[in-house]
> 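The structure under discussion is supplied below as structure tokens; questions concerning it will follow.
Whatever order the structure lists them in is the order used to number ligands and atoms, beginning at 1.
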Amino acid sequence: MLQPSKITPQDLGEELAKIIPGKDPELSVTIKRIPVSQMDLSGRIIPVCEPTLGGREAEYLVDCVESNWISSAGKYIPAFEEKFAAECGCAYGVACLNGTIALHLALAALGLEAGDEVILPAFTMIATINAVTYTGATPILIDSEPATWNMDVQQLADKITPKTKVIMPVHTYGHPVDMDPLMELAERHNIFVLEDAAESHGAEYKNRRTGGLGHAGSFSFYANKIITTGEGGMITTNNPEFAALTENLRDHAFSEERHFWHKYVGFNYRMTNLQAAVGLAQVEQLPQFIESRRANAALYTRLLREIHGIITPPEASWVKNVFWMYGILVQDEFGMTRDQLRAFLAMHGIETRTFFIPMHVQPIYYEKFKGQRYPVAEMLCQRGFYLPSASSLTELQIRYVVDMVQQAHVESMKK
Ligand SMILES: *Cc1c(COP(=O)(O)O)cnc(C)c1O
């Protein structure tokens, strides 16, 4: 039977062991300390993220049930695909079960095999690299750039070899990658670009939406993503052949010639009409969600900038960040470590989450990347975490969170 990796943080060596975050602090269920402004926030924690189901979700779901269309055929699937793809500036959308599967489906359609190389950032969520692993191809890591926390496109050229088949930029926490130089390199070397846009619904690079910047994009609609279908994912593309192939592979690769006749190893990665019904209601609200997230981030940044030792999230002049998660970095000058600050916030009913742990120090990938170092990814892992980031966050909640960060700073300076 499958055995887990036995690598522990200590096995990584002293330098890397110290970037690995501690366990999540226990959340106090009630908000104990109400700030001076007498805000009424008591009795409820502020979650790090939650879905906003404020539109026609229930109405569309009832329609599915009343019309008896609850499986993977029905009108909501094409309606959701069309509307979401259009939001990305794409002609085609192929909905599927979740974001990991969207990545796998796209890579499977490229026919990757052992020996092929796929370049992706060291600083990402585990699904990006796992999707590569499922195909048997070799993942090649690249460090982040300090300015945007994204894949450092300047380091790409050195990583490209004759075996490189795919580059997977990840628009981390909603900030688009610098795609122009990336695409130029990819075109020159005939490499397919699959954007992992799971965190960047509606984000813009030079006025163009993510998901439509590479040869294909992949989205997640997990409950904490900017729009959700509970579980769900979608491939977006302008390439009709790629859209048709992924659509076919998602449904067991049934052939058009005759039923039960299969010319590829396909998958059952189909989305249900129920998921798509929620998705359509969600995508109708996407413009509001983007607006709220940007306004929330602007308020956070304005208030947090006053606090010594806190670095607020980036927004390059050429992008529109959608702040899927509002991430901050804790510098030594703050007076507390990241983990200590998280514990302080948890005590006051504020849920937070640490940044990703980079791929080269993951127990399952440690042997593969042994000896490789990605200093920016490591720094982000050591210092970063995100504050509550839901679209539904109120101004009061944001002010309370910032007040508590300020209070932690003041207390640590007294010591
Ligand atoms: C959420 C996420 C995924 C995976 O999406 P699921 O729907 O949870 O499978 C993939 N990549 C990135 C960067 C993500 O944030």
Side-chain angles (χ1 to χ4, degrees), residues 48-51 80 84 88 93-108 118-135 139 141-142 144 148-151 166-177 179 193-203 210-211 213-214 216-236 246 250 267-272 275-276 278-279 282-283 289 293 313 321-327 353-359 362 364-365 377 380-381 384-386 389-390:
V48 68
C49 202
E50 61 186 338
F80 176 44
F84 187 78
C88 305
V94 179
C96 56
L97 275 175
N98 60 54
T100 309
I101 271 170
L103 291 170
H104 182 219
L105 187 56
L107 293 175
V118 178
I119 301 178
L120 66 144
F123 186 70
T124 183
M125 193 241 169
I126 199 73
T128 319
I129 190 169
N130 279 352
V132 176
T133 301
Y134 303 156
T135 68
L141 302 181
I142 199 155
S144 300
T148 66
W149 306 348
N150 274 326
M151 161 189 271
V166 185
I167 301 173
M168 294 170 80
V170 180
H171 306 299
T172 315
Y173 302 143
H175 188 298
V177 171
M179 291 297 287
V193 175
L194 172 63
E195 294 168 72
D196 184 346
E199 304 176 358
S200 67
H201 312 66
T210 61
L213 302 165
S218 164
F219 287 86
S220 163
F221 305 116
Y222 177 60
N224 73 5
K225 297 293 155 80
I226 296 178
I227 69 167
T228 183
T229 59
E231 295 280 358
M234 199 184 294
I235 294 171
T236 52
T246 49
R250 121 183 122 175
F267 311 94
N268 176 358
Y269 283 175
R270 301 179 302 243
M271 177 180 266
T272 67
Q275 287 168 290
V278 175
Q282 286 274 294
V283 72
F289 292 168
R293 277 171 190 265
N321 189 345
V322 285
F323 300 96
W324 168 56
M325 288 296 172
Y326 186 87
R353 186 82 70 245
T354 51
F355 274 14
F356 301 128
I357 299 177
M359 298 306 106
Q362 290 293 338
I364 33 171
Y365 289 112
L380 293 170
C381 174
F385 75 105
Y386 27 96
S389 301

> Using distance alone, decide if ligand 1 has a nitrogen or oxygen within less than 3.5 Å of any nitrogen or oxygen in T124.
no

> Please work out whether any backbone atom (N, CA, C, O) or any side-chain heavy atom from C-beta onward of E231 is under 4.0 Å from ligand 1, and answer side chain, backbone, both or neither.
neither

> Please say whether K225 places an N or O atom under 3.5 Å from an N or O atom belonging to ligand 1.
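Yes - when backbone and side-chain N and O of K225 are compared with those of ligand 1, one distance drops under 3.5 Å.
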
> When you check the side-chain N and O atoms of Y365 and N130, is any donor under 3.5 Å from an acceptor?
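Indeed, the side chains of Y365 and N130 share at least one donor-acceptor pair under 3.5 Å.
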
> Which protein non-hydrogen atom lies closest to atom 9 (O) of ligand 1, naming both residue and atom, and how far is it?
T100 OG1, 2.5 Å

> What is the nearest protein non-hydrogen atom to atom 15 (O) of ligand 1, stated with its residue, atom name and distance?
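Closest protein heavy atom to atom 15 (O) of ligand 1: E199 OE2, 2.6 Å.
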
> Would you say Y269 has more than 12 foreign heavy atoms packed within less than 6.0 Å of its OH?
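Check passes, neighbour count above 12.
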
> Let me see the working for H175 and F323 under ring pair (Phe, Tyr, Trp, His ring centres under 6.0 Å), right down to the final yes or no.
CA-CA 7 Å; H175 188 298; F323 300 96; 8.3 Å; no

> Please state which protein non-hydrogen atom is closest to atom 3 (C) of ligand 1 and give its distance, to 0.1 Å?
M125 SD, 3.6 Å

> Can you tell which of P51, S389, C49 makes a side-chain contact (heavy atoms from CB on, under 4.5 Å) with N224?
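The passing option is C49.
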
> Does a donor on one side chain and an acceptor on the other come within less than 3.5 Å for T172 and N150?
yes

> Show which atoms of ligand 1 fall inside a sub-4.0 Å distance from at least one heavy-atom site of V170.
13 (C)

> Which atoms form the tightest heavy-atom contact between T229 and V278, and what is the distance?
CA-CG1, 4.0 Å

> Y173 vs F356, test: ring pair (Phe, Tyr, Trp, His ring centres under 6.0 Å). Steps then yes/no.
CA-CA 11 Å; Y173 302 143; F356 301 128; 5.3 Å; yes

> Between the candidates A223, S220, G233, which shows the shortest non-hydrogen contact distance to atom 7 (O) of ligand 1?
S220

> Judged on heavy-atom distance to atom 12 (C) of ligand 1, which of S218, A198, G232, A102 sits nearest?
A198

> At a non-hydrogen distance cut-off of under 4.0 Å, which region of D196 contacts ligand 1 (side chain, backbone, both, or neither)?
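For D196, only side-chain atoms sit under 4.0 Å from ligand 1.
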
> Among side-chain atoms of H171 and E199, is any donor-acceptor pair under 3.5 angstrom?
no

> G99 to ligand 1: N or O pair under 3.5 Å?
yes

